[in-house]
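One structure below.
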Amino acid sequence: MRSSLPLPLRMAGYLVVALLLAFVLLPVLVVTVAAFNEQAILSFPPQSWSWKWFERVFTYPDFRNGFRASLIVTAWASVLALAIGTALAIAVKRMDFAGKQTLQAILLSPLVIPHFTLGLGLLMLTAQFNVGRNYAVVILCHVMLVLPFVLRSVYVSMENLDERLEQAAASLGASPVRVLWTVTIPLLAPGLFGGWLFAAIMSFNEFTASLFITNQSTQTLPVTMYNYVREYADPTLAALSVVYIVVTASLLVVANQFLGLGKVLNIEQGR
């Protein structure tokens, strides 16, 4: 079908794709180049070049504290979301019960509800019950935000799971718990890892809701970046953004290389 199209239409299609890629990647390119500006001001293009802002990224105390807080929140939120999301995905897939559709809608609602709404709501609840803005509140917020991504990943893996393997194990005398841990979980491993990976990335990058529910001791790295840009206008944030992009892209490329995230997320059909 593609080869039967006239040459002008094919060229127009390539041009549209190129323009879309340029539109998406142009801000990334500008930020990357600006990160190497030697002057202590964000400008493009730089008049001279320097790596000193990348050094500041790793030496500025607030960034180190924010990074540590983000690791704590991300580790707990991603693991809890994985455990809760896996249990809910199995229940939704394998069980029929009243209110099933309503439960699914509630679990997926963070995808459509603005994150600041959730953050503001939790802030009001913590104030109402005199609960401090501690790590538990931040982790709870992040679990709710990333749970839909875990549900999606695990549910797609459940769709591709051959239930006859579980039935065969059960017919050979394996208990339901043993079937779960020796057959179901290993077969769901790519989906579980994919769900955890996306939950970790989304949690680590979450800003809007975190802005409402963190304080000086629990503020995550994105909140620290926001506070930094309110005081300084140097290219440090551009350098930190480059580090963010490189690390996140590397994780996704490695995960896709070993797991095939397209199949995990049902973007491409399994063979």
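Basis for what follows: all heavy atoms, side chains included, without hydrogens, waters or symmetry-related copies.
- Under 3.5 Å, the side chains of Glu206 and Thr220 contain no donor-acceptor pair of N or O atoms.
- Smallest separation of non-hydrogen atoms from Leu180 and Pro186: O-CD, 4.2 Å.
- Taken from CG in Leu122 to OG1 in Thr117, the straight-line distance is 11.0 Å, to the nearest 0.5 Å.
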Evaluate Val28 against Val242 for side-chain contact (heavy atoms from CB on, under 4.5 Å), listing each step before the verdict. CA-CA 8 Å; Val28 177; Val242 173; over 6 Å; no
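- Counting only residues at least two apart or in different chains, side-chain hydrogen bond (donor to acceptor under 3.5 Å, both in side chains) contacts with residues 241-255 are absent.
- With a 4.5 Å cut-off on side-chain heavy atoms, Phe207 and Val223 count as touching.
- No side-chain donor-acceptor contact under 3.5 Å links Asn227 and Thr224.
- Atom CG of residue Leu88 and atom NZ of residue Lys93 lie 15.5 Å apart, to the nearest 0.5 angstrom.
- Follow the hydrophobic side-chain contacts under 4.5 Å out from Leu211 and you never reach Val143; the two are in separate clusters.
- Of the inter-residue distances, the one linking Asn205 atom CG with Leu221 atom CG reads 9.0 Å to the nearest 0.5 angstrom.
- Linking ILVMFWY side-chain heavy atoms closer than 4.5 Å, directly or via other members, places Val246 and Val243 in a single hydrophobic cluster.
- Between Val146 and Phe198, every side-chain heavy-atom pair lies at or beyond the 4.5 Å cut-off.
- Trp53 places no side-chain N or O within donor-acceptor distance of the main-chain N or O of Ala238, the cut-off being under 3.5 Å.
- For Arg56 and Phe63, the positive end is not near the middle of the six-membered ring at less than 6.0 Å and at most 45° from its axis.
- Separating the CG atom in Leu140 from the OG1 atom in Thr126 is a distance of 11.0 Å, to the nearest 0.5 Å.
- For the side chain to side chain contact (heavy atoms under 4.5 Å, CB included) test with Leu21, the passing option among Leu19, Val17, Val24 is Val17; the others fail.
- Within 6.0 Å of the CD atom in Glu159, the count of heavy atoms belonging to other residues, nucleotides or ligands exceeds 12.
- Using a 4.5 Å cut-off on side-chain heavy atoms (C-beta onward), Tyr135 and Ile72 make contact.
- A continuous path of ILVMFWY side-chain contacts below 4.5 Å connects Val33 to Leu26, so both sit in one hydrophobic cluster.
- The shortest heavy-atom contact between Val92 and Gln104 is CG1-NE2, 3.3 Å.
- Residues Val150 and Thr86 share a closest heavy-atom pair of CG1-N, 4.3 Å.
- Under the 4.5 Å side-chain heavy-atom criterion for grouping Ile, Leu, Val, Met, Phe, Trp and Tyr, Leu118 is connected to Val137 within one hydrophobic cluster.
- In this pair, Trp51 and Phe54 present their aromatic rings tilted. The plane angle is within the 30 to 60° band.
- The line from OH of Tyr226 to CG of Leu237 is 12.5 Å long, rounded to the nearest 0.5 Å.
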Under the side-chain contact (heavy atoms from CB on, under 4.5 Å) rule, what do Met202 and Leu145 come out as? Steps first, then yes or no, please. CA-CA 8 Å; Met202 296 298 297; Leu145 291 175; over 6 Å; no
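- Exactly one residue among Ser70, Ser78, Ser210 makes a side chain to side chain donor-acceptor pair (under 3.5 Å) with His142. That residue is Ser210.
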The test is side-chain contact (heavy atoms from CB on, under 4.5 Å); show your working for Leu188 and Leu192 and say whether it passes. CA-CA 6 Å; Leu188 293 178; Leu192 295 176; 4.1 Å; yes
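- Remark: side-chain polar atoms of Ser153 are not paired, donor with acceptor, to backbone N or O of Phe149 under 3.5 angstrom.
- Judged purely by atom type and a 3.5 angstrom limit, Thr74 has no side-chain atom pairing as donor or acceptor with the backbone of Leu71.
- Side-chain contact annotation: Glu38 with Ser50, donor-acceptor N/O pair under 3.5 Å absent.
- Val31 is not connected to Val229 by any chain of hydrophobic side-chain contacts under 4.5 Å among Ile, Leu, Val, Met, Phe, Trp and Tyr, and they are in different clusters.
- Using a 3.5 Å distance cut-off with no hydrogens or angles, the side chains of Asp234 and Tyr228 do pair a donor with an acceptor.
- In this structure, Ser203 and Ala77 approach most closely via the heavy-atom pair OG-CB, 3.9 Å.
- Here the straight-line distance linking atom CG of Leu125 with atom CD of Gln128 works out to 8.0 Å at 0.5 Å rounding.
- Nearest heavy atom pair, residue Pro148 against residue Leu111, reads CB-CG, 3.7 Å.
- Considering all non-hydrogen atoms of both residues, Ala170 and Val179 come closest at N-CG2, 4.0 Å.
- Ring pair Phe204/Phe67 is perpendicular by interplanar angle, where above 60° counts as perpendicular and below 30° as parallel.
- For Arg133 (side chain) and Ile213 (main-chain N/O), no donor-acceptor pair under 3.5 Å exists by modelled atom type.
- Side-chain atoms of Arg64 come within 3.5 Å of backbone atoms of Thr59 as a donor-acceptor pair (strictly under, hydrogens ignored).
- Enclosure of atom CZ in Arg178 is not indicated, since only 12 or fewer non-hydrogen atoms of other residues, nucleotides or ligands lie within 6.0 angstrom.
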